[in-house]
Amino acid sequence: MAGVVDTIISWIFWPPLFQLVIAPGLVAALAIVIFILWFERKTAARVQMRVGPYNVSPRLGGALQLIADLIRYSFQEPIIPKTVDTAAFILAPLAMLVISVVPTAAIPVSPLPWTWPIPMEHSLLVALALTTLSPVFLVAAGWASNNKFSVIGSTREAFMVTAYELVFIISLLAVAAPVHSYNLVEIVEAQAGWRMFAILNPLAFLAAFIAILMSTSGFPFEIPESEHEVVAGPFTEYSGLLYGIDMGAAYIKRYVMSVLLTIAFLGGWKPLDPQPGAGLLAGYIAPLVVVLVKATIVMAVMSFFRAVYGRYRLDQAVDLAWRVILPMALAGYALGLIYGYLGVI
Amino acid sequence: MPPRPSRRRVPPYGFLAAVKGNLGAIAVGLKYFLDPNRFTLHYPREYIRLKPGYRGFIVLNKAKCIMCESCARICPAAAMKMVRFQAPDPRRPGKMKLYKYPVINYQRCIFCGYCVDVCPTEALRHVPAHDVVYYNLEEMDLNLEQFQVEPKSPAEVEGGIPVRYVFDPERGLVKVPEKGQAGGG
Amino acid sequence: MSLDAVRSRAEEALRGVYTGVEEGKGFVAFRVPAERVVEAAEALKSAGFDHVKSVTAVDRPKEGVIEVTYHVSSYSDPELARGIVGITVSLPRDNPRMPSLSRIWVSAEFQEREVFEFFGVVFEGHPDLRPILLIPPLAEKHPLRKDFIVKEEQVYKGGITKLEQPP
Amino acid sequence: MSSPGELKLSGWEVGETRKLPGMDVKKIGKDLYEIFIGPQHPGSGHMRIIVRLDGDVMVEVDPDLGYVHRTMEKLAEGRSFIKVIPLVERMAILDACNITLPYVEAVEKLMDIEPPERAKYLRVLLCEINRIASHLYGMGIFGVFLGHSTMYMWPFGDREVFVELAERLTGARLTHSYPVPGGVRRDVPEGFTDDLRKAVRYMRKRLEEYRKIFLDNPVIRARLEGVGVIPRNLAIELGIVGPNLRASGVEYDVRMVEPYEAYGELDFEVPVFEEGDALARAWVRVEEIKQSLRILEQVADKLDKMPREGFMHDKFWAKAPKLYKDVYSREGRVKLMPLFANLKVPAGKAFARAEAGRGEIVYYVESEGKFTPYRVRVVSPSFRNAIVFKYIAPGHRLMDLPAIYGSIDYFPPEADR
């Protein structure tokens, strides 16, 4: 009997599956995204003299509102207009969702080799490469919608890609330089104590943070789906579950990038230091929880910005990215090179 | 001193001001995040105890009505109209008399209060209720009997807590639960 | 400068063009024949009356005319701003046409479109003369003319009910 | 399955219509893209803006008004003079007193009466409360057009303070129908001036926070600075009104050039900005709120000192029965004499103007000596500002359209009348 349980546990916690589907992959992503959406609405409400979602569960402060929304989206009729390119219209959001989660397969959550889904040597590069895929499907969704606002929205997204992609990659490479490795585990292990890269290299950290905001259209860069100009941007024609997936995918992308940011800059699982031979709980679950909590805090800060900022104009955002953020990322990279040359880490 | 123009310019803005602007905006946001200032009225659970002067629903006191038609004449939305009855005159037996009383159609009423203000005998008055609900449009066209019944706020009927808002120099409006018997106003 | 001074400035500018003066409360209007209205407008504009506050048309079926009044005043001259001057044109009701003044006062452009749809006054030379507020089928009826009648409800409701005893 | 790829692009003339599955496509010009913003669009209000884009730059903007048109000028011809007040105030219910006041003044000019002193101050009081509420509303809409949701909620929340004040004064939150020919309909209730001073103190504090979170916010600065510039001579040429005019450096405010009611006796400034861009228009509104708060304080002091009498012209009130005076002394409510229902106004033509929240509103009232006006012409501030879309917006990027729209504080129901 015990053998069966062990087998089932080992199946569930088989890293390639667990990592991608449960945590930090799809299931954890959905849970955290639901929490973050609730948090975002409550935060905005607190700042804005309102109460926010409340009536669904007054005792929990309306925490079940998002579940209710999810149910509503699931049972709403998905309307597919006659004029859309049907296959692309349906496949784009689904592909976007899947592609958004995929980078988690390359992100380690524990230093122990048996928890890695794939052999780690250049995991930073793999994760970075995988995060850059989803804009293609956003553009496809807008183009397939055959709606003027959607086309404008997806064109804006295409412009934004030129703004954030380079910044994000360069600023993350700034942590690889001092460690002399693309291996995320080694990058985390280098950040012992308070020697986090966020503190050692704030320029690169800030650049990466802003790049995440840009890539997931968070304020002040909520440009592709800016409601007052292009209705919902690429998602104007979507309804029902497909719309829910569209919206969820952006947040899941933000979540995945936040996890990557946590690993690269915020010391990953760092207060914990699982030793070889640690069990499932101490060696896998506990570091995972630490990573997720840190990533959630990063996302919460991003959510708070919704209450403080408006949105930039498209050309201003691109201009800002190339003129301020990119030099900042390059300076961060240079700083990383200096650290690497001096062997500070 | 009479009004006069004053020419100004928008304060200039540089890089340092932009950094300061970012920090200032985030600081103000954080201030309200930690100490929110909410005016929200949780409506069916709470309701506002309206002030005596509020221009709410209108009720007729038929005993005071002198059938002068002023209210129906001044009504800008043609919501208030006179209904006419021919009935025996109690003072002069055997003679018929034309009675005229106002009725109101809440589909059209805009609550301007002209009728109440123009009534020379105060036969019409406002009641402190503004959230009365009707199930269909026909019900909103009141007849003479219905016009004399004082409508009640559904929140009050369902046991909501009456509150009132008081002014505060720090927080704008502060919601204060009001003790006391129902009705009033 | 008092209001009379504003008036005399306008009178000076319009000397020889206007055919009559009409005193209103809060404004003074000069009657101008339709052929010379452009001349009058140019004179007023060069006298400092730089914008149109209202293009007011009044339908007078008894006299068979539509009167169009341009109420103008000044932003740039604080003295002229105190008063309002009108130039009034009488147009025949069956074929009201007059030259557009929106070339001289751009601020009249939308208001001339409004008068066009509500009264049917055709402003010749207007850059973009189409209905602005109404849908085309309604604009063809020219609703602000007096022969477009809007009926309002009356004071009484229903007939008289007979009762056995007083209500 | 259909695909847009069926559209053949070769040899397609401008103006020619071709079929796509489910739609007809017309070529409007080389490299032009036409989008219809509104009337069912989150950023259009009750109007449509037809925009032609070349790339991201607007080349032609055509405001299409009239979606909430009610033909008030026609309706006014059919109803007696006093009934026109609740009618016209529906074009901008959040600015009700300012909008109706010039009409009342025009009728008063025709009747040759002037309201007594206290009534003038009471009108100014409500006008300034309305002006603040109207500016706050405009700033809220402006904020959300720029994606700044906090700047949407804050002014709307703080507007509640002034709406509450107006409710205590008049009994209605928005459509006050407060001024009537000869005077006003209510006197200030007990403790009102203290509440007013508290509200003024609160609003002063809040304006500082608005500045921090909105006007000094780098994102907002970037969006507004140099956008939608209306130079002084163009502003005069287009005949725009109100804060937009004053943001372009024109010193024109009806309260200043032709002081009506009690404005001539009050001490306040009319802020004028030089730049003429969207940012200056936002600043003008904030500065105007500050001046309105100043006026409110002065009016509160003045009302406290004044005896509680003289809220209606003697022509109407001298022969009032005892009941009327009782109601007034008990509730502060001014009862209307029954003759108001059939007010006969002497024949004549009157023109009146006032500075409403969004700018100058003018009325032309013509009476033939009957119970109903012969002609009521009203030109509202938003209607005069609508021309900005056509002449200022082209040349900007599409993303500037909400910034321009919000900055001119355009309010479709007011423009459509």
Side-chain angles (χ1 to χ4, degrees), chain B residues 1-11 13 17-22 24-29 31-32 37-40 50-56 68-77 110-114 116-122 126 130 165-173, chain D residues 79 82-83 86-87 150 157-158 160-161 164 167-168 171-172 175 177 185-186 189 195 198-199 201-202 205-206 209 212-213 216-218 221 225 249 251 253 255-256 259 263-264 266-275 279-280 283 287 321 323 327 331-336 338 340-342:
Chain B
M1 205 174 178
R4 63 211 168 273
S6 77
R7 297 189 87 86
R8 301 154 199 230
R9 293 194 78 89
V10 174
Y13 207 66
V19 173
K20 199 174 147 228
N22 271 317
I26 291 172
V28 172
K31 182 187 158 202
Y32 280 89
N37 179 24
R38 292 164 168 157
F39 294 179
T40 310
L50 295 167
K51 290 267 179 304
Y54 189 83
R55 302 204 313 236
C68 70
E69 290 185 12
S70 292
C71 49
R73 284 188 191 284
I74 206 167
C75 182
I110 57 171
F111 299 96
C112 64
Y114 277 171
V116 177
D117 281 358
V118 85
C119 181
T121 57
E122 288 283 278
H126 290 293
H130 62 154
Y165 282 97
V166 294
F167 288 89
D168 185 274
E170 287 305 309
R171 304 190 79 86
L173 288 172
Chain D
R79 38 185 81 186
I82 189 138
K83 292 186 191 178
L87 172 71
T150 299
D158 293 332
E160 198 63 25
V161 176
E164 181 84 19
E167 183 199 309
R168 300 218 173 149
T175 47
S177 310
R185 289 181 57 201
R186 302 277 178 107
D195 287 344
K198 284 181 193 163
R201 288 228 308 274
Y202 171 72
K205 186 183 76 116
R206 288 292 281 171
E209 289 172 350
K212 278 186 193 149
I213 207 160
D216 277 358
N217 192 325
R221 286 289 296 219
E225 213 159 7
E251 292 168 4
D253 185 318
R255 295 176 294 171
M256 184 175 76
Y263 281 116
L266 294 165
D267 173 28
F268 67 99
E269 290 171 358
V270 175
V272 177
F273 279 75
E274 311 273 344
E275 286 88 348
L279 186 65
W283 271 91
E287 294 296 324
L323 174 86
V327 169
E331 299 171 28
R333 185 153 60 88
V334 179
K335 286 190 72 73
L336 305 173
F340 267 102
N342 292 322

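All chains are named by letter (A, B, ...) in the order of the sequence lines, taking the proteins before the strands, and each is independently numbered beginning at 1.
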Under 4.5 Å from any heavy atom of chain D - which part of [X]:
{"X": "B:Val19", "value": "neither"}
{"X": "B:Tyr114", "value": "both"}
{"X": "B:Cys75", "value": "backbone"}
{"X": "B:Glu69", "value": "neither"}
{"X": "B:Asn22", "value": "both"}
{"X": "B:Thr121", "value": "backbone"}
{"X": "B:Tyr13", "value": "both"}

Top residue by heavy-atom pair count (under 4.5 Å) with chain B, among [options]?
{"options": "D:Glu164, D:Arg168, D:Arg186, D:Arg79", "answer": "D:Arg168"}
{"options": "D:Glu225, D:Arg206, D:Glu209", "answer": "D:Glu209"}
{"options": "D:Lys83, D:Glu167, D:Arg255", "answer": "D:Lys83"}
{"options": "D:Thr150, D:Leu87, D:Asn217", "answer": "D:Asn217"}

With the side chain counted from C-beta on, respond yes when [X] and [Y] share a heavy-atom pair under 4.5 Å apart, and no when they do not.
{"X": "B:Ile110", "Y": "D:Thr175", "value": "no"}
{"X": "D:Tyr202", "Y": "D:Asp158", "value": "yes"}
{"X": "B:His126", "Y": "B:Phe111", "value": "no"}

Review point. Checking salt bridge (charged side-chain N to carboxylate O under 4.0 Å, His left out) for the pair D:Asp253/B:Arg4: CA distance, chi angles, key distance, verdict?
Key: CA-CA 9 Å; D:Asp253 185 318; B:Arg4 63 211 168 273; over 6 Å; no
Proximal component of [X], with respect to chain B [non-hydrogen, under 4.5 Å]:
{"X": "D:Glu275", "result": "side chain"}
{"X": "D:Lys205", "result": "side chain"}
{"X": "D:Pro271", "result": "both"}

Point to revise | Audit row: B:Arg73, D:Asn342, side chain to side chain contact (heavy atoms under 4.5 Å, CB included) steps and yes/no | key: CA-CA 8 Å; B:Arg73 284 188 191 284; D:Asn342 292 322; 3.8 Å; yes
Practice item. Over 60° means perpendicular and under 30° means parallel, so classify the ring planes of D:Tyr263 and D:Phe268, tilted if in between. Key: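 Rings of D:Phe268 and D:Tyr263: perpendicular, over 60°.
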Top residue by heavy-atom pair count (under 4.5 Å) with chain D, among [options]?
{"options": "B:Gly24, B:Gly53, B:Gly56", "answer": "B:Gly53"}
{"options": "B:Ala27, B:Cys119, B:Ala77", "answer": "B:Cys119"}
{"options": "B:Arg38, B:Arg55, B:Lys20", "answer": "B:Arg55"}
{"options": "B:Pro169, B:Gly21, B:Ala25", "answer": "B:Pro169"}

Check your understanding: Under 3.5 Å, is there a donor-acceptor pair between the side chain of D:Arg185 and the main chain of D:Ser177?
Key ->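 Side chain of D:Arg185 to backbone of D:Ser177, a donor-acceptor pair under 3.5 Å: yes, one is there.
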Closest heavy-atom pair and its distance - [X], [Y]:
{"X": "D:Ala199", "Y": "D:Val161", "result": "CB-CG1, 3.6 Å"}
{"X": "B:Phe39", "Y": "B:Gly172", "result": "CZ-CA, 4.4 Å"}
{"X": "B:Val10", "Y": "D:Arg221", "result": "CG1-NH1, 3.7 Å"}

Exercise for review: Answer with yes or no whether the side chains of B:Tyr165 and D:Glu160 bring together a donor and an acceptor at under 3.5 Å.
Suggested key: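 No - no donor-acceptor pair under 3.5 Å links their side chains.
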